[in-house]
Each structure stands twice: as structure tokens, then as C-alpha cells.
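Basis for what follows: all heavy atoms, side chains included, without hydrogens, waters or symmetry-related copies.
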Amino acid sequence: MSPVLDERDLEIVAALQEDARATYADVATRVGLSASAVHDRVRKLEQTGVIRGYRAVIDPEAIGLMVTALISATPLDPRQPDDLPERLADFPEIEDCLSVAGEANYVLKVRTKTPGDLEDLIRRLREKAGVATRTTIALSIPFEGRPRG
């Protein structure tokens, strides 16, 4: 069962989503608590799994990933086990895997360096993961990964 967060916890989460490198003192000033109280709450949020980690947000183009696409994936054989996420473990181009309702079983957000690399990824997905695919290429990304709050 997911923990129920109070207003202060939600404010702390929002502050950390905006700047995960903020000090406890910075967050405390923003939410109206002491730094030690923020520290205790953050530790509890981590222990209960509300905060699952901290990471740097990288500009994909800055590291050469110029193509972003969404790939809908449907098993070729509907009787095969629903283990696609496990079969995708060796595909580093896949950033996100969403189980969805609708025609497809999963939607994958992928990033590649070139359209040719995307074409190769789609081929490998079809061959190694045993899925039919439908691909949409993003022309631009006005926003993604928006913090809640």
C-alpha cells in the first residue's frame, strides 16, 4: 500500500523534483520546517519508496541522441508469456517501457543517434523480442519529465 503524504511531504517532494541537489536547509526554508525535520521526512520518503532515487537530467542531444521515438509493441504470438520488459533488458536505447491498454501491449520511449540506428533498433526488437511494432518519431519535445506539484 502506498503511503499517504501530507501537504509538507508533497512540498518537500516538489522541491526535490525541482532541484535534487538542494540542501536540507534550502528545502526547509521553502517548506517552513527545520532542516532536521526535512532530513527525517526525506529519509522516511526514501524508506517507503516515495523517493526512488536521484539522478542527473541530461540533454539527450548533448550526448548525441538526436532521434526520440515512441514504439508501440505487440507480441507476434498472443499466447507467449507477458515478459516483454524482461526481454528488453539488453536494449540500452529504451528509456521507458509502459504497459498500456489499447491495440499495443507496451509503448517504448527510445532514443538513438540517427534514423539508421532507430531502424536497426526496430529490426532487433522485431527479431529478438518477437513483437510487431508501430513507430512514431518525435519532431520536437516541448517538455518531458515535468515535476509534479
Side-chain angles (χ1 to χ4, degrees), residues 1-24 26-27 30-31 38-149:
M1 181 171 156
S2 297
V4 177
L5 305 183
D6 66 18
E7 193 61 36
R8 289 285 167 77
D9 287 337
L10 292 172
E11 290 173 2
I12 290 168
V13 168
L16 291 174
Q17 282 184 299
E18 286 179 23
D19 181 6
R21 296 179 64 177
T23 65
Y24 293 127
D26 294 337
V27 176
R30 178 172 165 173
V31 302
V38 168
H39 180 264
D40 289 342
R41 283 176 177 252
V42 168
R43 189 177 71 249
K44 287 177 186 166
L45 291 167
E46 291 168 345
Q47 290 171 344
T48 58
V50 173
I51 296 175
R52 296 189 295 185
Y54 302 87
R55 63 180 57 104
V57 179
I58 307 297
D59 176 358
E61 290 184 8
I63 59 172
L65 300 175
M66 308 306 272
V67 179
T68 300
L70 301 175
I71 300 175
S72 298
T74 305
L76 292 174
D77 179 358
R79 296 169 302 200
Q80 72 186 45
D82 188 11
D83 63 349
L84 185 61
E86 292 81 15
R87 287 184 278 140
L88 301 176
D90 294 332
F91 292 86
E93 303 92 339
I94 300 173
E95 286 190 3
D96 298 308
C97 175
L98 294 83
S99 175
V100 298
E103 284 186 37
N105 294 49
Y106 292 91
V107 173
L108 314 173
K109 182 172 122 186
V110 305
R111 294 197 201 265
T112 62
K113 292 182 177 187
T114 68
D117 291 338
L118 176 60
E119 183 177 27
D120 180 63
L121 170 62
I122 293 166
R123 180 190 53 74
R124 289 184 291 124
L125 279 170
R126 289 176 177 165
E127 291 173 1
K128 294 181 181 173
V131 295
T133 63
R134 185 174 203 157
T135 303
T136 302
I137 296 175
L139 299 177
S140 69
I141 304 172
F143 61 83
E144 68 182 334
R146 282 201 305 192
R148 301 206 38 99

(request) Determine, stepwise, if the pair M66 / T114 fulfils side-chain contact (heavy atoms from CB on, under 4.5 Å). (result) CA-CA 6 Å; M66 308 306 272; T114 68; over 6 Å; no

(message) What verdict does the side-chain contact (heavy atoms from CB on, under 4.5 Å) test give for C97 and L88, after you've listed the backbone C-alpha separation in whole Å, the side-chain angles of each residue and the deciding distance to 0.1 Å?
(response) CA-CA 9 Å; C97 175; L88 301 176; 4.1 Å; yes

(request) Would you check, one step at a time, whether the test side-chain contact (heavy atoms from CB on, under 4.5 Å) holds for R30 with E18? (result) CA-CA 12 Å; R30 178 172 165 173; E18 286 179 23; 3.0 Å; yes

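With hydrogens and angles ignored, the 3.5 Å screen pairs a side-chain donor or acceptor of D26 with a backbone N or O of T23.
Using a 4.0 Å cut-off between charged nitrogen and carboxylate oxygen, R79 and D77 count as a salt-bridge pair. Classification of R41 and E46 as a salt-bridged pair fails, no side-chain N sitting under 4.0 Å from a carboxylate O. Between E119 and R123 no salt bridge is recorded (no basic side-chain N to carboxylate O distance below 4.0 Å). Using a cut-off of 4.0 Å between Lys/Arg side-chain N and Asp/Glu carboxylate O, R111 and E95 are scored as salt-bridged. Ion pairing of R87 with D83 is present here, as a side-chain N (NZ or NE/NH1/NH2) and a carboxylate O approach within less than 4.0 Å.
K44 meets the side chain to side chain donor-acceptor pair (under 3.5 Å) test with no other residue; sequence neighbours excluded.
Within the 4.5 Å cutoff, the side chain of L84 has no heavy atoms near those of the P75 side chain. Side-chain atoms of R124 and E93, non-hydrogen and from C-beta on, do get closer than 4.5 Å to each other. Counting only heavy atoms from C-beta outward, the side chains of V131 and L76 never approach each other to under 4.5 Å. When side chains are defined from C-beta on, T68 does not count as touching I137, because their heavy atoms never get closer than 4.5 Å. Here the side chains of V27 and Y24 are not in contact, with every heavy-atom distance at 4.5 Å or above. Two residues are said to be in side-chain contact when any heavy atoms from C-beta on lie closer than 4.5 Å; L118 and V110 meet this criterion.
The structure places CZ of R126 at 9.0 Å from CD1 of I71, a figure rounded to the nearest 0.5 Å. The distance from the CD1 atom of I12 to the NE2 atom of H39 is 11.5 Å, given to the nearest 0.5 Å. Atom CG of L45 and atom CD1 of I51 lie 4.5 Å apart (nearest 0.5 Å). Between the CG atom of L108 and the CG atom of L70 there is a distance of 9.0 Å, given to the nearest 0.5 Å. Between the CG atom of L16 and the CZ atom of R21 there is a distance of 13.0 Å, given to the nearest 0.5 Å. Atom CG in D120 sits 9.5 Å away from atom OG1 in T112 (nearest 0.5 Å).
Atom CD of E103 sits in a sparse spot, with 12 or fewer heavy atoms from other residues, nucleotides or ligands closer than 6.0 Å.
For residues 49-60, no residue pair satisfies the salt bridge (charged side-chain N to carboxylate O under 4.0 Å, His left out) rule, not counting sequence neighbours.
Residues Y106 and D82 bring a donor and an acceptor atom of their side chains to less than 3.5 Å of each other.
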